[in-house]
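All remarks here apply to the structure that follows.
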Number of protein chains: 2
Amino acid sequence: MNRKDNVTQDEPSGPLMADVARLAGVAISTVSRALANPGRVNEKTRAKIDAAAKQLGYTPNAMARSLRVGKPNTIMIILPGSLYYGASQIIPQVLQSINKSLIKAGYNLMIANLDRDETSERYILDLAFGGTARGVIILSSKLPEVDGRSLAQAGLPVVSMLLDMSDAGTPSVVTNDRAAVRAVSRELVGLGHRRFFYLAGPEGNYHDVERYAGVVEALAEAGLGEDAVVRSGGSLDYQQGFRIGLEGVADFEALENRPTAVIATSDDMAISFMSGIRKLGLRIPEDVSVVSFDGSPVCAFCTPPLSTIEQPVEEMGQAAAALLLEAIENGPPTPASCTVVPSRLITRESMAPPALSR
Amino acid sequence: MNRKDNVTQDEPSGPLMADVARLAGVAISTVSRALANPGRVNEKTRAKIDAAAKQLGYTPNAMARSLRVGKPNTIMIILPGSLYYGASQIIPQVLQSINKSLIKAGYNLMIANLDRDETSERYILDLAFGGTARGVIILSSKLPEVDGRSLAQAGLPVVSMLLDMSDAGTPSVVTNDRAAVRAVSRELVGLGHRRFFYLAGPEGNYHDVERYAGVVEALAEAGLGEDAVVRSGGSLDYQQGFRIGLEGVADFEALENRPTAVIATSDDMAISFMSGIRKLGLRIPEDVSVVSFDGSPVCAFCTPPLSTIEQPVEEMGQAAAALLLEAIENGPPTPASCTVVPSRLITRESMAPPALSR
DNA sequence: TTGTAAGCGTTATCAC
DNA sequence: GTGATAACGCTTACAA
């Protein structure tokens, strides 16, 4: 069956390089060169080829190319179990930022979702070992690993985002969780607060460890012990932020000597917490100051407008993409680097001096 | 150079089918069969092959497979310019839902971002015509098209989500924008409201047309004319929801005879609008009722808790994926179908009878 | 500068 | 039931 017949096939596959070559009256390899290295071919023939390609509406087959070259142009991004939180747009923003950077460099973004089950891990590993991915950006804490195969052994450049995994040899891009929380805690101390309430993410989680450490360090600086802060939450995931906040309200209410300042480790927690606290008849910030982490735009419209530590997602995405591209070009940095992009506190009306100290 | 040496190469490429064949003492083609059609090969040799494959940690090369078979296993999802809104998690939820369905069917999800520039359109078309994608799910209004190539001509199954493009021949999955808004408008009329304020998305946009029509229809049923509703917004994108709401506050304030009910076409609009309205000293719902569209979880924690029409993103994602898979199997439905998954009104405290009617 | 030909790692069509 | 062998669409030595 002739190639030219393919218009009438049931599976039309578009014009091939061979078609372009025929139309331009040159060899197929010349077409390849003209398209890839326009410099290494006669100006005149190149024009002929370009014309032929345009006329046929030719698009090179990316898979054939990748197969031959041995280097796919797909980057895999491994996202945590759930892509969405209550209000923050961290994941979509990161996705967008990374995608933009990668496209500019000629790569495609394939998304993979790392649930905690074997199926999804196996799926990811197939992508990695099956020659589909050229590199990986991971937003989850654990490198996929199942029956002997581990992402670490796939020979692929891997960059971690949001979590610092540089100790484990994976170059990372994070924000300064600890320092940012330390700074805002310091600010609360400066306002006169002496008793704190901390809304925690899952205990042991990187973010929670870092952020809590920030609080404790600030307190220590002020001569306060860890008993100046009572922790709430700790068992639920960040995706459950609203629930953590709500349960926090109950914990808070039950407290004998109530804290005057609340540090929430996500906007979701703070938002539901504030809502519950106000229902209790307590005022924010008069009775209790609140500050949180993430920087969701919606915080500006909360009652009252919520102070929040804004994560530099855009920049982190760019940095991660750059790091990965660099690793693809020149191999991974040794030792694994950790790029930290600072967060920025957005001060709004939810923080004030405690009523008692007035 | 021997294949076995590849451990020491600079670009280790993992074990090949040939390696498995050698280890199992069979021909390559037998390995291929054993892995793909385990039924069509002797039980004993299959076991040998499986063992060899496992021992070597063999993962088939997906691109070589796709190239040979002529059918890639990647689905492309085309997302609108900006992935994130102020508070709603529509895009990430859709992404997650679709990804889940597709993975189950053996496909990968590649994301493409349709900005309004030629570069991104060309990029998408390259993916479509370049044999990378097997099918497309599009969440944007316009099919990419640049210098002669149009996604419509790529010979790929396409399914539209959120927007009804079935008239243009693209099977679609949408929610019942119009009916849902009509129902809630009816409810407001029932509460006694007679003057309405409508916060609009970009004029002419599918969603805006549908939702506004819903309002007008409900008013007509109640014997009210289109003059019973004043429109605000209309020039900004949904991504700018917060700003639309804020500008809406100014419009509202300037009104002589103020409406008592506000219908916002996104949660973002409603959230910033409520915030602004309350700053004006007006009470919600006593002075003005508010209802919006999207169903962001954060609405539950607004002041007051916001009634919102919840989009069935999960179901729409599943439906879109199912439709696409069906189209891949058996070709697109003719005429193009339009699946509508109903939205659900979540009633909270932001709606009440107008003060005047009490 | 251009053409020839040998792969890239699979799958599928044949014979055996 | 299994084994050669020819594709899939492209790139790249190497030869001309």
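Numbers restart at 1 for each chain; the letters A, B, ... are given by sequence-line order, proteins then strands.
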Rounded to whole Å, CG of N37(B) lies from P of dA12(C) at a distance of 8 Å
*Distance check: side-chain N/O of S29(A) vs OP1/OP2 of dG3(C), anything under 4.0 Å?*
no
Q: Answer yes or no: is there an ion pair linking D147(A) with R122(A), defined by an N-O contact shorter than 4.0 Å?
A: yes
Picking from dG9(D), dT4(C), dT11(C), the nucleotide nearest the side-chain atoms of L67(A) would be dG9(D)
To the nearest angstrom, the CD1-P distance between I28(A) and dT11(D) comes to 9 Å
DNA chain C nearest-nucleotide lookup for A36(B) and V69(A): closer to the 5′ end is V69(A)
For T45(A), report the nucleic acid contact type (base, sugar-phosphate, nothing); a contact means any heavy atom under 4.0 Å. sugar-phosphate
OP1 or OP2 of dG9(D) sitting under 4.0 Å from any side-chain N/O of Y58(A)? no
Here the distance between atom P of dC8(C) and atom CE of M17(B), to the nearest Å, is 15 Å
R65(A) CZ to dC8(D) C1', in whole Å, measures 17 Å
In whole angstroms, the gap separating C1' of dT10(C) from CG of D19(B) amounts to 13 Å
The nucleotide from dT11(D), dT4(C), dA6(D) with an atom nearest the side chain of R68(A) is dT11(D)
Of L127(B), V158(B), I124(B), the one forming a side chain to side chain contact (heavy atoms under 4.5 Å, CB included) with I78(B) is I124(B)
- Under the 3.5 angstrom rule, does the side chain of S172(A) hit a backbone N or O of M165(A) as a donor-acceptor pair? yes
Salt-bridged, K54(A) to D50(A), with N to O below 4.0 Å?
no
Exercise for the section: Using distance alone, with no hydrogens and no angle criterion, decide if Y123(A) and N108(B) have a side-chain donor and acceptor under 3.5 Å apart. Expected result: yes
Regarding the side chain of A64(A), the nearest nucleotide among dG9(D), dG1(D), dG3(C) is dG9(D)
In whole angstroms, the gap separating P of dT2(C) from CD of E43(A) amounts to 11 Å
From CG of L16(B) across to P of dC8(C) the rounded distance in Å is 9 Å
(message) Check this one for me: any side-chain N or O of S32(B) less than 4.0 Å away from OP1 or OP2 of dT11(C)?
(response) yes
For dG3(C), does the base pair up with any side-chain atom of R33(A) as donor and acceptor (N or O, under 3.5 Å, distance only)?
yes
When rounded to whole Å, the CD1 to P distance for the pair I49(B) and dG3(D) reads 8 Å
